[in-house]
Amino acid sequence: ELVETLSSKQPGVNYREERVPNYVLPDILSCADGRAVHSAADWPARRQEILELFREHVYGRSPAAPAGMRFETVEIDPKAMNGAATLKRINIHFSEQADAPVLRLVMFVPNQRTAPAPAFLLICNRGVENIDYTRKIKSDFWPAERIVERGYVAAAFFNGDIDPDKHDGFVNGIHGLLERPEARTPSSWGTLAAWAWGAARVMDYWVTDPDVDDTRCVVTGHSRGGKTALWAGAEDTRFAMAVSNESGCGGAALSRRCYGETLSIINKAMPHWFCSRFHDYNGREEALPLDQHLLVALMAPRAVYISSADQDLWADPRGEFLAAQAATPAYALFARKGLGNDGAMPDLNTPLLGDGVAYHVREGSHTYSLYDWDCHMDMADRELKLKPS
Ligand code: GTR
């Protein structure tokens, strides 16, 4: 029924499984020169090759942190959330220029703990109000109280602090600060890469913060934020886990399926998100030297969680599941089972918490819900806190 409605509303967008083209996914364990990857010892070289493919063809190449970066403590309130947490507001500065972008990191550190705490970092793409540090505005999009209750630092920053979510010719935000537009190439970083770069700068700060266990940090995001979280986890291996909620096209969903949102649609609507070379594959997904299962594989052997919503067909839940599953060979190199299921998509509201890789599809529409957060934290509990499962 949903397929019928969507198909009639969006002619030209495929919502029918039987119309998914036949495709062959690039092999995770075959190097460009034809050599096969046999063991964990072979993985770093192959991983580097895959990472370069994504930099070159999808997200673009990002610069290093600027030498002048500094961390400013704006506020510390040890009695936040009725005493449950310590609020820390940290501004990450990239330059002394007056108009330079500033990443305003919000953190609630659980007060009930005996050691540095593991952390969840949300790359917030839904406005600063959803990460309100005064807690006057609360939303399931960032259930900070619940995250703290479960023993994690609830941390977030607004993506717009790093780069505006519009096609401005890359003259504003961090692009404007760190590069000259005329020096851009087809593989220069786009806006998703810039947001992911912001997450890495939070990690730079966290390694200096004794409240945070920097070996147990999770990067997460929803939709465009979920695409970004996967790329952040791929680029920065200091993240022990990445979570992609309903990230869809250019995130967890396989591009070759051309189901729901496609490359042509996304690159036209959001020309600033990816590197310009990605646009060369509009309508020619089969020519891509990669697909998004390789992005999931870049997390191996670290943990990754992919989640979908059954009404969010635009993001291709099945394509997201198949990418998570297709990453298994990379995990197998480390004697990890990955999703480790029998090949079928799990039932609705039945999270599949595998060994290193997790997936769920819940009932409902396109949003980051409390249910999603709880499942993601269940997986983090197992993968990072080593609680008996
Ligand atoms: C849409 C876009 C999706 C998804 C979504 C969101 O406009 O087509 O890829 O990222 O925005 O971020 O909510």
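Numbering of ligands and ligand atoms starts at 1, following listing order.
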Contacts for ligand 1, heavy atom under 4.0 Å, by chain and number, are Ser223, Arg224, Lys227, Glu261, Ile266, Met270, Trp273, Trp314, His366
Side chain to side chain donor-acceptor pair (under 3.5 Å) partners for Gln48, two or more places apart: Glu52
With the threshold set at 4.0 Å, does a side-chain nitrogen-carboxylate oxygen contact exist between Glu383 and Arg216? no
Quick check: are there more than 12 heavy atoms from other residues, nucleotides or ligands sitting under 6.0 Å from CZ of Arg135? yes
With no hydrogens and no angle check, do the side chains of Glu179 and Trp189 hold a donor and an acceptor under 3.5 Å apart? yes
List the residues meeting salt bridge (Lys or Arg N to Asp or Glu O under 4.0 Å) with Glu96, not counting sequence neighbours, and say none if there are none. Arg70
Considering residues at least two apart in sequence or located in another chain, which fulfil the side chain to side chain donor-acceptor pair (under 3.5 Å) criterion with Asn282? Asn267
